[in-house]
Amino acid sequence: MLLGTAPAHAAGYRYWSFWQGSGGQWAYATQGPGTARPGDGDVIGFRFAVSADSADAAKPRAAAGFGPVCDGTPAEDGAKRVAVVLDFGTPADAPDGETPPKARSACARVGEDATAGEALAAVAKPLRYDSSALLCAIGGYPRTGCGEQVSGAKKEAEKGAEKGTESASPKPAADGGKEGDGGPSASLIGGVAAVVVLGAAAFWQARRRRG
């Protein structure tokens with residue numbers, strides 16, 4: 001879990017944050033998706049934005065609800081259903097030259113022991129990681145960059161744009177996230193379960209290495 005509150009004009013980082021649904025609300029995950037193991041009926045969310053720490057992180061704007069995403073996916077013996085909500089952020093969050101895709105959601109039906117990372121990989125290919133196994137892109141977005149630092153002035157401008165768009169929260173599509181947008185390489189598929197470690201520890205380790 002990221003600790004502390006950044007000064008008003010501190011620099012932020014552009015990255016995917018990981019959230020878990022709790023009582024219909026979003027809570028910043030205390031584990032990375034490589035170790036978190038949601039149960040049948042749980043909701044997980046990912047949000048792309050600029051933030052300095054967990055207290056500053058922007059939540060997914062869609063509701064943390066299981067039913068709207070997974071009611072059309074029947075239960076199966078030996079499997080669990082996990083609602084995966086993806087918020088690609090605002091245009092102000094986007095790296096230069098990129099436009100965020102529309103928010104979407106999908107119901108991942110995975111093995112009973114599957115991690116949140118495996119649920120994500122089941123519905124949001126292609127994923128991209130850096131050499132430190134930090135999750136850089138979901139569904140191919142963004143095309144480049146990974147946890148890069150954003151100047152304090154730019155971060156404040158992006159936060160202002162974010163506040164201006166909170167009332168226009170997108171509704172996720174229940175059938176979003178299906179394959180067909182271009183699949184990942186075979187090596188990525190094979191390594192997903194082992195290297196999905198998005199979360200506080202990996203993010204700050206990568207930050208320290210860059211420092």
Side-chain angles (χ1 to χ4, degrees), residues 13-22 24-29 31-34 36 38 41-51 54 57-73 80-95 98-110 114-129 134-147 158 162 165-166 168-184 188-189 192 196-199 202-203:
Y13 293 84
R14 182 183 281 116
Y15 70 104
W16 281 98
S17 57
F18 173 44
W19 302 79
Q20 294 173 304
S22 178
Q25 303 296 320
W26 291 113
Y28 197 93
Q31 299 181 68
D42 283 351
V43 185
I44 59 175
F46 296 84
R47 171 68 190 266
F48 188 76
V50 175
S51 58
S54 60
K59 300 176 181 180
R61 289 166 291 171
F66 176 80
V69 180
C70 285
D71 275 353
T73 303
K80 62 185 177 184
R81 297 166 299 161
V82 179
V84 182
V85 175
L86 304 175
D87 188 332
F88 295 85
T90 67
D93 295 325
E98 297 207 45
T99 301
K102 292 182 179 180
R104 67 178 190 259
S105 62
C107 189
R109 186 160 54 193
V110 290
T115 65
E118 290 172 300
L120 173 66
V123 298
K125 301 170 184 174
L127 307 179
R128 177 168 58 84
Y129 301 87
L134 178 68
L135 180 61
C136 303
I138 294 176
Y141 180 81
R143 294 188 301 272
T144 62
C146 191
E158 290 176 349
E162 165 67 17
T165 58
E166 284 296 335
S169 300
K171 183 177 180 181
D175 61 348
K178 292 182 180 179
E179 294 185 35
D181 298 330
L188 178 59
I189 296 172
V192 162
V196 177
V197 291
L198 170 67
F203 177 70

Taking the side chain as C-beta and beyond, is there a heavy-atom pair between Arg128 and Pro142 under 4.5 Å?
yes
Please assess Trp16 against Phe88 for the test ring-ring contact (aromatic ring centres under 6.0 Å, His included), listing each intermediate value before the final yes or no.
CA-CA 9 Å; Trp16 281 98; Phe88 295 85; 5.4 Å; yes
Between the side chain of Trp26 and the main-chain N/O of Ala58, is any donor-acceptor distance below 3.5 Å?
no
Is there a side-chain contact between Phe48 and Pro101, using heavy atoms and a 4.5 Å cut-off?
no
Answer yes or no: is there a donor N or O on one side and an acceptor on the other, between the side chain of Glu118 and the main chain of Thr115, under 3.5 Å?
yes
Donor-acceptor pair, distance only, cut-off 3.5 Å: does the side chain of Asp93 make one with the backbone of Thr90?
yes
Centroid separation under 6.0 Å, is that true for the rings of Trp19 and Tyr28?
yes
Closest approach of Ala119 to Ala108 (non-hydrogen atoms, all atoms of both residues)
O-CB, 3.6 Å
In Å, rounded to the nearest 0.5 Å, how long is the span from NZ of Lys102 to CG of Asp87?
14.0 Å
Closest heavy-atom contact between Ala94 and Pro100?
CB-CD, 3.9 Å
Considering all heavy atoms of both residues, which atom of Ala64 and which atom of Gly21 are nearest to each other, and what is their separation?
CB-CA, 4.0 Å
Should Leu134 and Cys146 count as side-chain neighbours, where that means a heavy-atom distance under 4.5 Å?
yes
Hey, is the main chain of Lys59 close enough, under 3.5 Å, to the side chain of Arg47 for a donor-acceptor pair?
yes
I'd like to know if the side chain of Lys80 reaches the main chain of Pro38, judged simply by a donor and an acceptor atom lying under 3.5 Å from each other, with no hydrogens or angles considered.
yes
Shortest non-hydrogen pair, Phe18 vs Ile44, comes out as CE1-CB, 3.9 Å
Shortest non-hydrogen contact from Leu127 to Gly139?
CD2-N, 4.3 Å
Please assess Ser51 against Tyr15 for the test side-chain contact (heavy atoms from CB on, under 4.5 Å), listing each intermediate value before the final yes or no.
CA-CA 8 Å; Ser51 58; Tyr15 70 104; 3.1 Å; yes
To check you understand the geometry: which heavy-atom pair defines the closest contact between Gln20 and Ala36, and what is its length?
NE2-CB, 3.9 Å
For a side-chain contact (heavy atoms from CB on, under 4.5 Å) with Ser105, tell me which candidate from Leu86, Val43, Val85 qualifies.
Val85
Between the side chain of Glu98 and the main-chain N/O of Tyr141, is any donor-acceptor distance below 3.5 Å?
no
Would you confirm whether Arg81, through its side chain, and Thr73, through its main-chain N or O, come within 3.5 Å as a donor-acceptor pair?
yes
